[in-house]
There are 2 protein chains.
Amino acid sequence: MAAKRSGAQGKRSQPGELPEAVPEPRGEPPLSLERIVATAVELLDAQGVDGLTMRRLADRLGSGVMSLYWHVDSKEDVFDLALDSVLEYGGPPQACEPQDWREEVVGVLEDWRASMLRHPWSASLLPRRALGPNILGRLELLSKTLSGAGVADADLNVAIWSLWNHVMGSTVTRASFELSDDDRAAAQQRLARRSERYPTIERSRLLLDSDWDGTFRKGLDFLLDGLAPRG
Amino acid sequence: MAAKRSGAQGKRSQPGELPEAVPEPRGEPPLSLERIVATAVELLDAQGVDGLTMRRLADRLGSGVMSLYWHVDSKEDVFDLALDSVLEYGGPPQACEPQDWREEVVGVLEDWRASMLRHPWSASLLPRRALGPNILGRLELLSKTLSGAGVADADLNVAIWSLWNHVMGSTVTRASFELSDDDRAAAQQRLARRSERYPTIERSRLLLDSDWDGTFRKGLDFLLDGLAPRG
DNA sequence: TGGTTGACTCGTACATCGTACCATACGATG
DNA sequence: CATCGTATGGTACGATGTACGAGTCAACCA
């Protein structure tokens with residue numbers, strides 16, 4: 001529905017030069033998709049998924065609630081756009097071609113994971129259909145790198161999904177268990193109270209002392225070992 | 001809050017034998033946590049996450065809405081209980097000790113994945129804190145199996161989380177992309193329209209022809225290769 | 001016997017949400 | 001001036017989660 005969502009131009013005036021306060025009365029730049037999405041991300045960072053409300057979003061933007069709906073179809077739309085916007089890819093730090101394809105893949109995936117951990121709400125938004133241009137771009141980049149590294153076309157999809165699953169799984173897991181210290185303490189108490197039922201995970205302090213970064217790196221290495229061309 | 005959530009007894013009467021319709025007037029067995037959770041799972045299966053409403057749940061149970069709140073603290077509570085209840089573990093099919101630790105691990109994890117895929121909403125509930133007794137039980141079982149297989153204590157947490165991440169990641173991914181055929185067609189169209197931007201993933205038909213089960217199995221094998229004791 | 005208590009049920013009410021509908025304003029174009 | 005597309009936003013509606021408190025009923029004690 002809706003024939004809206006046109007080019008979404010940011011500014012509009014390039015004609016004459018009016019020294020008076022015509023372009024921006026200061027305080028309320030005009031609404032735009034970009035501004036809406038950026039503010040939504042701010043709100044999500046500050047208040048979490050449940051904290052994002054169309055009314056609160058409009059307040060932060062200094063606009064009426066219904067004005068948002070000219071730029072956006074629904075709240076779901078805002079979620080999709082926010083998720084994708086957070087996954088914009090800066091590209092590799094140095095422009096030169098890296099020596100090792102493996103290093104490049106690791107870099108791409110670690111940046112991916114870091115982007116999502118920077119915005120913990122993104123993990124809980126994942127299970128919805130999420131195929132914005134930035135996500136697709138990252139998939140394409142990963143795909144191209146693997147292909148260039150010599151992974152056979154027949155194995156390409158398996159490789160991509162395995163790596164994607166690893167990133168998503170570890171992000172979701174970490175976001176779930178990195179909540180508040182109170183929650184963690186409560187979980188530990190619950191666990192200790194029934195320690196006779198869960199002796200092994202209690203002994204290994206699974207929920208307390210886990211090294212998320214190390215686990216991610218190690219699991220990734222194992223996957224890459226298996227996926228490597230000419231195993 | 002709330003000192004409720006007592007023993008939650010199912011029946012109440014074991015005194016005399018009244019042949020009249022005293023125990024169940026047929027049609028409305030008394031409310032109980034078990035019945036609430038079971039009905040919530042039904043509703044989630046039928047209508048998805050957004051379909052679960054306290055009012056709808058009460059309707060299905062033939063009770064008033066607020067009656068639910070005597071057994072349950074909040075709607076979040078219902079979600080937590082439903083998620084955990086779906087992950088009850090039946091145990092290995094045959095009682096005998098399996099010959100191979102690896103086979104046992106694979107069995108545990110495939111059953112785990114299958115349980116979640118049977119209730120697709122469970123994937124989208126995951127990113128919340130989710131540590132019910134059944135999930136903990138599965139973690140404990142996995143942990144014990146790995147430990148018994150000779151995985152060193154120092155590597156145990158890494159192994160558990162890597163495998164957990166693999167299950168969760170592939171479940172979330174599959175649930176995201178196995179939506180409706182319409183959605184898939186729309187995504188494909190969007191992709192084709194910009195095929196010049198995503199040539200590799202379009203050529204590999206990443207979004208269309210993926211073998212989810214095979215990917216899961218292959219990734220799992222790679223992880224187990226890496227995690228195997230005495231590599 | 002009658003009163004009290006605690007487990008359990010539920011109708012009403014309220015704040016808050018997403019958003020449909022409609023009135024408005026404004027710059028550009030006829 | 002009339003018209004139109006772009007853009008804004010006030011009001012209102014239906015749905016939601018749940019606080020509150022009144023209700024029922026069995027069991028127990030006086």
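We name chains A, B, ... by the order of the sequence lines, and we start the count at 1 in each one.
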Please enumerate all residues that pass salt bridge (Lys or Arg N to Asp or Glu O under 4.0 Å) together with [X], with sequence neighbours excluded.
X: A:Asp59; result: none
X: A:Asp45; result: none
X: B:Glu88; result: none
X: B:Asp84; result: none

task: Apply side chain to side chain donor-acceptor pair (under 3.5 Å) to A:Arg197 and list each qualifying residue two or more places apart in sequence or on a separate chain.
output: none
Partner set under side chain to side chain donor-acceptor pair (under 3.5 Å) for B:Ser210, not counting sequence neighbours: A:Trp161
Report yes if at least one side-chain N or O of [X] is closer than 4.0 Å to OP1 or OP2 of [N]; otherwise report no.
X: A:Ser63; N: D:dT8; answer: no
X: B:Ser67; N: C:dT9; answer: no
X: B:His71; N: C:dA7; answer: no

Whole-Å gap separating [atom2] ([N]) and [atom1] ([X]):
X: A:Leu31; N: D:dT8; atom1: CG; atom2: P; result: 5 Å
X: A:Leu57; N: C:dT16; atom1: CG; atom2: C1'; result: 16 Å
X: A:Asp59; N: D:dG10; atom1: CG; atom2: P; result: 11 Å
X: A:Arg35; N: D:dA7; atom1: CZ; atom2: P; result: 14 Å
X: A:Trp70; N: C:dG18; atom1: CH2; atom2: C1'; result: 20 Å

task: Measure from the side-chain N and O atoms of B:Ser67 to the backbone N and O of B:Ser63, and report whether any donor-acceptor pair falls under 3.5 Å.
output: no
task: Using a 4.0 Å cut-off on protein heavy atoms (strictly under), produce a 5'-to-3' string for nucleotides 15-26 of chain D with B for base contact, S for backbone-only sugar-phosphate contact, and - for none.
output: -BBBBB------
statement: Heavy-atom nearest pair, B:Val49 first then B:Ser124, reads CG2-OG, 3.3 Å
Table please: side-chain donor-acceptor pairs of residues 50-57 of chain B below 3.5 Å, with sequence neighbours left out.
from: B:Arg56; atom 1: NE; to: B:Gly51; atom 2: O; distance (Å): 2.9
from: B:Arg56; atom 1: NH2; to: B:Gly51; atom 2: O; distance (Å): 3.4

task: Give the dot-bracket string for DNA chain C, reading 5' to 3', where a pair is Watson-Crick or G-U wobble with both distances under 3.5 Å, ( ) marks pairs inside the strand, [ ] marks pairs crossing earlier ones, | marks a partner on another strand, and . marks unpaired.
output: .|||||||||||||||||||||||||||||
